[in-house]
Engineer: 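Take this structure, written in structure tokens, and hold onto it; I'll ask about it next.
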Amino acid sequence: MYVSVERVLDPTLRGAPTIVLSNNDGCAVARSDEAKALGIAMGQPWFEIRERPHLAAVVARSSNYEEYGAFSSRFHETVATLASSTEVYSVDEAFVGLPRRSSTGDQAETAAAIQDRVGRWTGLPTSAGVGPTKTLAKVAQRHAKSISAPMVDLTTWPHDQVGELLAATPVSEVWGIGSRLTQGLAGLGIHTAADLAYADAGVLRRRWSVVLERTARELAGVACTPVGFTPKDRQQLMYSRMLGQPVSSRDEMRSVLAQYAATAARRLRAHGLEAALMQVWISSSRFRDDVAHHSTSVALDPPTNDPMRVISASRAVLPKMREGHPYNRAGILLTGLGRAGAQPSLLVDPEDPTRQRLAAAVDAIADRHGREVIGWGPTGLRGSQRWDMRRERLSASRTTRWEQLLTVR
DNA sequence: TCTGGGGTCCTAGGACCC
DNA sequence: TCTGGGGTCCTAGGACCC
């Protein structure tokens, strides 16, 4: 999906082996078919790809999450215009509940209409799978992609043909089966999706969990997770980043943490949430022999989304830091989330309302004039920092920044 | 020898997803 | 030199309740 967005923004990338890099331009997180054909692996470090002569033609882009987010929103909004029940599953996937038969035509027609509209309104190519359960729909969609068909509708297939597809599908490709389960299932002689569909559900549940049992039942055609199942409220909010350059002094780390805490608090406010518990951690590269990892939990009582309180809480991990050791990652995890203002404390005075208005005003100013014109305490007026993440190959933000809007003459 | 029978809430850790 | 950033769900176990 990231590569598809880059190709909408820059059509000259069509047909070229294209990859999108992770934050900090670290490794490949999205690959075009042409890039996959050249043997580039998911997660392969950019410094390795860059120096291989046979990969010289590969075009790399830094992640442009603002654009991907905007395209994702348009994608989901477009799907919703043609479907009565949809479930946003991920940035680039949606489940759509289709009536068995309707006056508007059969299921495949509806799916094709959605794909057509998504293509015309967003420019994104899609593949679709239709099945009696979510897990089977995912099997169908994978199959469509693998044979370069826009769509596969399993509900029109004869029963034994579905069985053949499942028998030809490695169990590791089934939605919900990762590497650990693949290993464990192999021990029971379960190697394909068909093996799993016919396995003893009780054994699966006792040996692993109800999650695996549901996956097996869904492969057998029994829906266990209805479309549109309303997800529970968000339970955690994380903001973590690798640093563009290692940070080894407490002084500098203090401003890193303040910046991250301010961002996390800003996202809390954007969701109308407040947090009761914060975990903050710093660590050095996991590829070092003497990796250091320190973390601390801080209770936020009463729960809050006030940037000043979150920023000062973020300092709690600093005493554990080894002065002089190169740290390259920091993160803030906020949990115990609740609707802002929903849990008035009986023991502590409510927060000063002017503090909330101040946070809202700072948000509004930053939205309108940029993050560099206003900031909190140690984050200061935000010029570029030594430790900012690297994004050296960023595409233009054609749909999220006015000043980068494409000019057509 | 022997020591009830339920519950809830919280946390840590493991598995998975994109 | 260089290796991402989020999330979810489930289970086990401990603390605590009546």
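Below, chain A is the first sequence line, B the second, and so on; all start at residue 1. Being a predicted model, the structure only gives us computed values, none of them experimental. FYI, side chains are in, hydrogens and waters are out, and symmetry mates aren't considered; it's all heavy atoms of this structure.
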Engineer: More 5' along DNA chain C: A:Leu333 or A:Arg214, using each one's nearest nucleotide?
Structural biologist: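 In this pair, the answer is A:Leu333.
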Engineer: Reckon A:Val91 touches a base, only the sugar-phosphate, or nothing at all at heavy-atom distances under 4.0 Å?
Structural biologist: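 Here A:Val91 touches no strand at all.
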Engineer: Could you check whether A:Asn23 gets within reach of a base, just the sugar-phosphate, or nothing at all, counting any heavy atom under 4.0 Å?
Structural biologist: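 Contact class for A:Asn23: sugar-phosphate only.
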Engineer: Is it the case that more than 12 heavy atoms not belonging to A:Asp251 sit under 6.0 Å from its CG atom?
Structural biologist: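 Not more than 12 within 6.0 Å, no.
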Engineer: Of the non-hydrogen atoms in A:Leu219 and A:Ala193, which two are nearest, and what is the gap between them?
Structural biologist: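 Nearest heavy atoms, A:Leu219 then A:Ala193: CD1-O, 3.6 Å.
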Engineer: Could you list the residues that satisfy side chain to side chain donor-acceptor pair (under 3.5 Å) with A:Glu66, not counting sequence neighbours?
Structural biologist: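 A:Arg391.
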Engineer: Do NZ/NE/NH1/NH2 and the carboxylate oxygens of A:Asp363 and A:Arg269 come within less than 4.0 Å?
Structural biologist: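 Answer for the salt bridge query: yes.
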Engineer: Can you name the salt bridge (Lys or Arg N to Asp or Glu O under 4.0 Å) partners of A:Glu34, sequence neighbours left out?
Structural biologist: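 Result, salt bridge (Lys or Arg N to Asp or Glu O under 4.0 Å) vs A:Glu34: A:Arg7.
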Engineer: Can you give the first and last nucleotides of DNA chain B, 5' to 3', that have an atom under 4.0 Å from a heavy atom of chain A?
Structural biologist: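 Both ends considered, the range comes out as B:dA15 to B:dC18.
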Engineer: Expected output check: what is the dot-bracket annotation of DNA chain B, where ( ) and [ ] are pairs inside the strand (brackets for crossing ones), | is paired with another strand, and pairs are Watson-Crick or G-U under 3.5 Å?
Structural biologist: ....||||||||||||||
Engineer: Between C:dC17 and B:dG4, how far apart are the C1' atoms? Round to whole Å, please.
Structural biologist: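 It comes out at 15 Å once rounded to the nearest Å.
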Engineer: Which side-chain N or O atoms in residues 317-325 of chain A pair as donor and acceptor under 3.5 Å with protein atoms at least two apart or in another chain?
Structural biologist:
| from | atom 1 | to | atom 2 | distance (Å) |
| --- | --- | --- | --- | --- |
| A:Lys320 | NZ | A:Ser295 | O | 2.8 |
| A:Arg322 | NH2 | A:His325 | ND1 | 3.0 |
| A:Glu323 | OE1 | A:Arg250 | N | 3.4 |
| A:His325 | NE2 | A:Ser284 | OG | 3.1 |

Engineer: Under the side-chain contact (heavy atoms from CB on, under 4.5 Å) rule, collect the residues that match up with A:Val8, sequence neighbours excluded.
Structural biologist: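 Applying side-chain contact (heavy atoms from CB on, under 4.5 Å) to A:Val8 gives A:Phe71, A:Leu124.
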Engineer: Any base atoms under 4.0 Å from A:Asp92, or only sugar-phosphate, or nothing? Heavy atoms, all strands.
Structural biologist: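 Counting heavy atoms under 4.0 Å across all strands, the contact made by A:Asp92 is with sugar-phosphate only.
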Engineer: Any side chain to side chain donor-acceptor pair (under 3.5 Å) involving residues 170-186 of chain A? Give me the pairs, sequence neighbours left out, ordered by first then second residue.
Structural biologist: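 Pairs touching residues 170-186 of chain A that pass the test: A:Tyr89-A:Trp175.
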Engineer: Can you sort out which residues in residues 168-177 of chain A have a heavy atom within less than 4.0 Å of DNA chain B? Ascending by number, please.
Structural biologist: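 A:Val174, A:Trp175, A:Gly176, A:Ile177, in order of number.
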Engineer: Apply side-chain contact (heavy atoms from CB on, under 4.5 Å) to A:Val88 and list each qualifying residue two or more places apart in sequence or on a separate chain.
Structural biologist: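 For A:Val88, the residues satisfying side-chain contact (heavy atoms from CB on, under 4.5 Å) (neighbours in sequence not counted) are A:His76.
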Engineer: With a 4.0 Å heavy-atom cut-off, tell me which residues in residues 40-69 of chain A come close to DNA chain C, sorted by residue number.
Structural biologist: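 Per residue number, the list reads A:Pro45, A:Phe47, A:Arg50.
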Engineer: Using a 3.5 Å distance criterion without hydrogens, assess whether the side chain of A:Thr192 forms a donor-acceptor pair with backbone atoms of A:Thr169.
Structural biologist: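 Flag not set: sc A:Thr192 to bb A:Thr169 has no pair under 3.5 Å.
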Engineer: Relative to the 5' end of DNA chain C, which residue comes earlier, A:Ser240 or A:Gly26, by the nucleotide with the nearest heavy atom?
Structural biologist: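 First, find each residue's nearest nucleotide; the 5'-ward one identifies A:Gly26.
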Engineer: With A:Tyr2, which residues qualify under ring pair (Phe, Tyr, Trp, His ring centres under 6.0 Å), at least two apart?
Structural biologist: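 A:Tyr2 satisfies ring pair (Phe, Tyr, Trp, His ring centres under 6.0 Å) with A:Tyr65, A:Tyr68 once adjacent residues are dropped.
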Engineer: With A:Gln115, which residues qualify under side chain to side chain donor-acceptor pair (under 3.5 Å), at least two apart?
Structural biologist: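 In terms of side chain to side chain donor-acceptor pair (under 3.5 Å), with neighbours along the sequence ignored, A:Gln115 is linked to A:Thr126.
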Engineer: Take A:Met242 and A:Asn23 through the test side-chain contact (heavy atoms from CB on, under 4.5 Å) and record every step on the way to the result.
Structural biologist: CA-CA 8 Å; A:Met242 298 217 17; A:Asn23 275 343; over 6 Å; no
Engineer: Looking at every strand, decide which applies to A:Leu181 at a 4.0 Å heavy-atom threshold: base, sugar-phosphate, or nothing.
Structural biologist: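 A:Leu181: backbone/sugar contact only, no base atoms under 4.0 Å.
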Engineer: What is the nucleic acid contact for A:Leu237, judged by heavy atoms within less than 4.0 Å: base, sugar-phosphate only, or nothing?
Structural biologist: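 Sugar-phosphate, no base atom in range.
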